[in-house]
Amino acid sequence: MSEPPVGRTAMDTHNAEPRFVDDYLLSLLARASHVVSAEFHDRLRGRGVSVPVWRVLATLSGGPETVTVLAEACLLQQPTMTKVLDRMERSGLVNRQQDARDRRLVRVHLAPKGEAMLGELLAAARAHEAEVVARHPDAAAIKDLLRALIARQGRRQRSRG
């Protein structure tokens, strides 16, 4: 017996009409991300870390960033990012400093407490990713495809702007 389409249960298969979302690329990408991320997000919650805080820390693993870049990378609106950063700064995880070359820009830096937390979380994220890759050997090819999709779409959007 074949498996029901992604997102459907065996009980749902009585309806032979396929749903648009079961073959729609954007829905599949979002649902795949949600399903795989849910495991790791549960682990974060177990450590008392919210998903937005994790995303900020993970993004800052590459060095200081502006609030705008963080908001984009963390998939948050700028006002929401500002509130997350306010809480993180009060908790001693990050510091905000004016950019030395452009005083209009504010760069967010990891504080020592944030660096320590990030080290633990990166190890957990890498372990989770290794589990996912072990279950899905084609994950490396999927990552390459997604990077290419993001790069092409990003170029296309910039050329319109």
Side-chain angles (χ1 to χ4, degrees), residues 3-10 21-100 105-155 157:
E3 297 209 11
V6 174
R8 287 197 173 187
T9 65
V21 297
D22 291 327
D23 197 42
Y24 182 51
L25 175 63
L26 302 180
S27 177
L28 291 170
L29 287 170
R31 289 163 53 205
S33 175
H34 177 76
V35 169
V36 175
S37 297
E39 295 172 335
F40 186 65
H41 294 170
D42 287 344
R43 294 178 190 182
L44 289 173
R45 279 188 289 280
R47 294 170 178 250
V49 178
S50 71
V51 173
V53 167
W54 154 246
R55 289 178 179 165
V56 169
L57 293 172
T59 303
L60 292 176
S61 69
E65 294 288 0
T66 65
V67 176
T68 302
V69 168
L70 279 173
E72 183 179 296
C74 296
L75 308 173
L76 296 172
Q77 297 294 319
Q78 190 126 1
T80 304
M81 176 53 63
T82 298
K83 290 175 188 169
V84 169
L85 292 173
D86 288 344
R87 288 191 300 272
M88 290 179 74
E89 196 165 35
R90 282 192 302 272
S91 297
L93 299 174
V94 298
N95 298 309
R96 289 182 265 201
Q97 300 171 350
Q98 280 186 320
D99 186 85
L105 293 177
V106 173
R107 296 215 179 263
V108 180
H109 300 255
L110 283 172
K113 184 177 175 182
E115 287 180 21
M117 180 183 279
L118 175 62
E120 294 172 18
L121 294 176
L122 285 178
R126 287 184 180 113
H128 178 254
E129 183 181 38
E131 292 169 19
V132 171
V133 169
R135 290 191 307 255
H136 306 282
D138 51 354
I142 293 170
K143 286 171 67 171
D144 290 342
L145 175 64
L146 291 172
R147 279 190 210 95
L149 190 148
I150 291 165
R152 275 186 242 133
Q153 195 65 27
R155 282 193 300 270
Q157 287 174 344

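Taken to the nearest 0.5 Å, the CG atom of L149 stands 12.5 Å off from the CD1 atom of I142. R90 CZ to L85 CG: the interatomic distance, rounded to the nearest 0.5 Å, is 11.0 Å.
With contacts defined as side-chain heavy-atom distances shorter than 4.5 Å, the pair L29/L146 qualifies. Between M117 and L110, every side-chain heavy-atom pair lies at or beyond the 4.5 Å cut-off.
Shown here for V36 and H128, the closest heavy-atom pair between the two residues is O-CE1, 3.3 Å. Contact detail for G92 and K113: the closest heavy-atom pair is O-CB, 3.3 Å.
Identified under the side chain to side chain donor-acceptor pair (under 3.5 Å) test for residues 135-151, with sequence neighbours left out: E39-R135, E129-K143, D144-R147.
The neighbour count for Q77 CD, taken as heavy atoms of other residues, nucleotides or ligands under 6.0 Å away, does not exceed 12. More than 12 non-hydrogen atoms from other residues, nucleotides or ligands lie less than 6.0 angstrom from CD of Q98.
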Could you check D42 against R45 for salt bridge (charged side-chain N to carboxylate O under 4.0 Å, His left out), going step by step and ending with a plain yes or no?
-> CA-CA 5 Å; D42 287 344; R45 279 188 289 280; 2.5 Å; yes
Stepwise side-chain contact (heavy atoms from CB on, under 4.5 Å) check, L60 with L118 = CA-CA 9 Å; L60 292 176; L118 175 62; 5.8 Å; no
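Side-chain atoms of Q97 never come within 3.5 Å of backbone atoms of H109 as a donor-acceptor pair (strictly under, hydrogens ignored). Judged purely by atom type and a 3.5 angstrom limit, S91 has no side-chain atom pairing as donor or acceptor with the backbone of M88. Judged by distance alone, the side chain of R31 and the main-chain N or O of V21 form a donor-acceptor pair under 3.5 Å.
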